[in-house]
Amino acid sequence: MSADSTTTEPVVPMPELEPVAHPDCRVCFAADRGRTAARTQQAAGRVSDFNQMITEHPHPDNQSGEGDPG
């Protein structure tokens with residue numbers, strides 16, 4: 001095998017980018033703190049849960065994390 005004719009996959013896959021907590025949103029703030037704690041405890045499933053929470057909850061006009069976004 002020559003180096004010219006083969007390609008290799010990375011040994012360690014690139015991690016997914018995590019969602020960024022929305023500024024001034026209490027839900028995002030709490031989820032970000034929970035995610036940090038879960039990461040410290042090496043609880044990958046919980047980190048994923050908090051990422052999903054940050055991604056999927058609505059951001060209402062008042063940015064309090066409460067109320068109907070529409």
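Just so you know, these numbers come straight off a predicted model, no measurement behind them.
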Quiz prompt | Heavy-atom neighbours of R33 CZ exceed 12 at 6.0 Å | solution = no

Exercise. Verify the neighbour count for atom CD of Q41: are there more than 12 heavy atoms of other residues, nucleotides or ligands below 6.0 Å?
Key: yes

Quiz item: Can you find a heavy atom in the side chain of I54 that is under 4.5 Å from one in the side chain of R35?
Solution: yes

Exercise. Considering non-hydrogen atoms only, spot the tightest contact between H57 and C25 and give its length.
Key: NE2-SG, 3.2 Å

Exercise. Dump the intermediate steps for side-chain contact (heavy atoms from CB on, under 4.5 Å) on V47 and E18, then the final yes or no.
Key: CA-CA 10 Å; V47 170; E18 291 187 334; 3.5 Å; yes

Quiz item: In Å and rounded to the nearest 0.5 Å, what is the CE to CG distance from M53 to D32?
Solution: 11.5 Å

Quiz item: Would a distance-only check, ignoring hydrogens and angles, find a side-chain to backbone donor-acceptor pair under 3.5 Å from T40 to T36?
Solution: yes

